[in-house]
K.L.:
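Quick one: structure below, then a few questions.
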Amino acid sequence: VPDPLVKVFDIGTQRQLSPMSMSVSSPNTLRYVPASSRTGDEAPSPSILLGSTTGIVQVCPLNGDMINSQLLYAPLTDRKEMMTTMAVSSSGQVMCVGTSNGGIAQYILKMPEGLKPKINEVEILVAGGNDVLCHTIYCNEKTDLTSVSYLI
Amino acid sequence: MYANNDSFENGSSRSIEYYETDPYEYAVDDLHDENNDESNFDSEPTEGMWIEHCALNYSNSPVTSLEYDSNLELLWASYGDGRVSSFAIKLDCMLEEYEQPQRYSSFTASEEPVFQLITIHSCILSVSMSAIQMHTVGGLSLGKFSTAPTGINEDGNETIFSYTCAVALRPPGALVTADSVGSTHILAGTSSNFAYIYDISVQGGDPLMIYDVCSPTVCVRSSDLHLAVAGADGKVRLLDSRLRSMQVTHTFDAHTGPVRDLCLQPDGLTMLTCGVISRPVNPFDPKSPVNVRLPVDMMLSFRCSLMNLLPLSFKRTEKSSHVSIIHYQYFTVCARSVGKGV
């Protein structure tokens with residue numbers, strides 16, 4: 001019988017904390033979602049993904065706001081299909097689930113308006129005469145570079 | 001609750017449902033109900049929530065492992081037929097929107113099912129039962145990284161154990177240099193009572209260290225401070241991630257049955273496990289155990305998970321089933337109230 005509880009341990013004190021659980025199913029897969037690399041008061045905090053073979057993924061914030069946990073449903077085509085695995089990107093903005101029929105569903109984190117990237121953005125100011133040129137470089141995980149220049 | 005109708009890559013369109021708070025309001029069977037039309041949903045996805053972006057259907061074999069490669073912006077997927085595929089993920093920096101992932105490479109990594117992928121710089125390691133194969137990102141085989149170790153089984157005969165899982169270790173300087181350094185070692189769990197440490201730079205060599213973990217390994221995870229080895233006996237054993245000792249530093253009694261999965265927070269201070277209860281629990285079966293933990297207990301512990309409250313338990317009586325259902329429904333009503341912010 002699948003254990004509906006997710007056991008939580010404090011490694012530092014080597015004690016077991018209060019467990020967590022999925023609301024409607026038993027968890028089969030656990031993934032840690034790091035805090036999104038955005039700034040702002042409403043930036044998402046770290047959370048835990050609890051995945052079940054039934055295709056349910058529960059997003060549980062680690063800041064204690066368990067009421068606002070979110071449920072996602074993997075797009076299973078039939079009742080025999082099961083969710084087998086999950087993965088979360090290191091940025092915490094993309095996740096995906098895999099199913100027993102070979103399907104992969106990718107989810108992205110919809111960010112609140114006004115939040116700006118905290119990393120991967122570099123501004124270079126170049127002063128020449130009376131003008132200042134602001135050269136902004138957007139870096140996408142070390143591979144894609146996009147730059148925008150404008151006069152201040 | 002709201003829905004998002006997305007057009008998928010293969011041309012199909014599915015209605016994806018999202019529940020913000022109370023999942024008890026909807027039955028699990030509704031997950032597969034295709035009759036949920038859009039008129040039932042009256043709001044758009046709120047910000048800070050996960051929304052489905054796309055679906056990738058390139059195989060009929062089960063997806064056994066998924067892994068994001070942050071160095072190369074790739075999503076790696078392994079399948080039950082031994083095939084490994086990668087998908088390029090691109091972010092439009094100006095629009096800050098993710099584009100549809102395109103398949104970058106696809107190759108057969110093993111004749112056996114590949115159930116674990118490890119991304120190291122410019123290489124991919126695919127873990128199957130008999131070996132750990134090494135390939136380039138494009139699919140060129142670099143040979144076997146290691147083969148499954150041999151040992152003496154319980155009957156006293158020499159046998160070949162199989163790999164069950166593996167994880168890449170961060171090097172000892174990772175606390176200082178953060179993500180700027182790559183992995184240097186691999187911890188591989190097997191069907192035997194031993195877990196093995198391999199040096200990534202030594203291909204085909206013997207294990208660097210051997211840990212006696214007292215149980216077949218189900219899952220391994222690593223953090224900056226610890227290596228966690230989850231066993232089929234329901235215990236989680238911690239190892240020193242700095243590889244300074246070959247002893248198990250601590251053992252947690254997590255579950256009565258095998259551990260299914262394990263999650264270590266990057267700070268190494270908190271660990272979460274999910275697993276299996278070894279005994280059958282059925283509150284509607286008169287032959288089930290005396291102390292039965294009902295789903296309402298789990299719901300209560302979930303709502304109060306950070307308040308140090310112990311889950312409730314019910315003493316089984318002759319009318320336990322009836323009592324259980326009353327409590328179950330009662331608490332469901334309570335949960336709805338909480339979910340709506342009352």
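Quick note: numbers below take in every heavy atom, side chains included, and nothing from hydrogens, waters or symmetry partners. Chain identifiers are assigned alphabetically (A, B, ...) following the order of the sequence lines, protein sequences preceding nucleic acid strands; residue numbering begins at 1 within each chain.
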K.L.:
Check A:Arg31 with B:Asp261, please: is the shortest side-chain N to carboxylate O separation under 4.0 Å?
P.N.:
yes
K.L.:
Is it the backbone or the side chain of B:Thr270 that comes under 4.5 Å from a heavy atom of chain A, or both, or neither?
P.N.:
both
K.L.:
Are the side chains of A:Thr99 and B:Pro62 in contact, using a 4.5 Å heavy-atom criterion?
P.N.:
no
K.L.:
For residues A:Thr84 and B:Thr64, determine if any side-chain heavy atom of one lies less than 4.5 Å from a side-chain heavy atom of the other.
P.N.:
no
K.L.:
Between A:Lys7 (side chain) and B:Thr273 (backbone), is there a donor-acceptor pair under 3.5 Å?
P.N.:
no
K.L.:
Out of curiosity, B:Tyr68 OH to A:Cys96 SG, how far, rounded to the nearest 0.5 Å?
P.N.:
3.5 Å
K.L.:
Pick one of side chain, backbone, both or neither for B:Asp81, based on which atoms fall under 4.5 Å of a heavy atom in chain A.
P.N.:
neither
K.L.:
If you count heavy atoms of other groups shown closer than 6.0 angstrom to CG of A:Asp10, is the number above 12?
P.N.:
yes
K.L.:
Quick check on the interface: out of A:Gln16, A:Met95, A:Met83, who has the most heavy-atom pairs with chain B under 4.5 Å?
P.N.:
A:Met95
K.L.:
Can you check side chain to side chain contact (heavy atoms under 4.5 Å, CB included) on A:Val59 and B:Trp50, steps first, answer last?
P.N.:
CA-CA 9 Å; A:Val59 186; B:Trp50 293 94; 3.6 Å; yes
K.L.:
Any chance you could measure A:Tyr32, atom OH, to B:Met271, atom CE, to the nearest 0.5 Å?
P.N.:
15.5 Å
K.L.:
Can you find a pair of side-chain heavy atoms, one from A:Gln106 and one from B:Leu75, that are under 4.5 Å apart?
P.N.:
yes
K.L.:
So do B:Phe87 and A:Ile104 actually touch side chain to side chain, heavy atoms under 4.5 Å?
P.N.:
yes
K.L.:
So, do A:Ile11 and B:Ser223 sit near enough that their side-chain heavy atoms are less than 4.5 Å apart?
P.N.:
no
K.L.:
Using non-hydrogen atoms and a 4.5 Å limit, figure out which bit of A:Thr29 sits close to chain B: side chain, backbone, both or neither.
P.N.:
both
K.L.:
With a 4.5 angstrom heavy-atom cut-off, is it the side chain or the backbone of A:Met86 that approaches chain B, or both, or neither?
P.N.:
backbone
K.L.:
Using the ring pair (Phe, Tyr, Trp, His ring centres under 6.0 Å) criterion, which residues pair with B:Tyr79? Sequence neighbours excluded.
P.N.:
none
K.L.:
Could you look at A:Val94 and say if it's the side chain, the backbone, both or neither that has a heavy atom under 4.5 Å from chain B?
P.N.:
both
K.L.:
So how far is it from B:Leu74 CG to A:Ser89 OG, rounded to the nearest 0.5 Å?
P.N.:
13.0 Å
K.L.:
If you tally heavy-atom pairs under 4.5 Å against chain B, which of A:Ile108, A:Thr85, A:Val6 wins?
P.N.:
A:Ile108
K.L.:
Measuring from B:Glu52:CD to A:Tyr107:OH, what's the distance to the nearest 0.5 Å?
P.N.:
4.5 Å
K.L.:
A:Pro2 versus B:Arg260: any side-chain heavy-atom pair under 4.5 Å?
P.N.:
yes
K.L.:
Can you list the steps and then say if A:Leu30 with B:Leu262 is a side chain to side chain contact (heavy atoms under 4.5 Å, CB included)?
P.N.:
CA-CA 6 Å; A:Leu30 302 175; B:Leu262 172 68; 6.0 Å; no
K.L.:
Working note: B:Cys263 + A:Ile48, criterion side chain to side chain contact (heavy atoms under 4.5 Å, CB included); need CA distance, chi angles, decisive distance, verdict.
P.N.:
CA-CA 9 Å; B:Cys263 180; A:Ile48 290 290; 3.9 Å; yes
K.L.:
So, for B:Ala254 and A:Phe9, which heavy atoms are closest and what is the spacing to 0.1 Å?
P.N.:
CA-CZ, 3.7 Å
K.L.:
Would you please test A:Asp3 and B:Ile277 for side chain to side chain contact (heavy atoms under 4.5 Å, CB included) and show each step?
P.N.:
CA-CA 5 Å; A:Asp3 193 343; B:Ile277 300 175; 3.6 Å; yes
K.L.:
Quick check on A:Asn101 against chain B: is it the side chain, the backbone, both or neither that has a heavy atom closer than 4.5 Å?
P.N.:
backbone
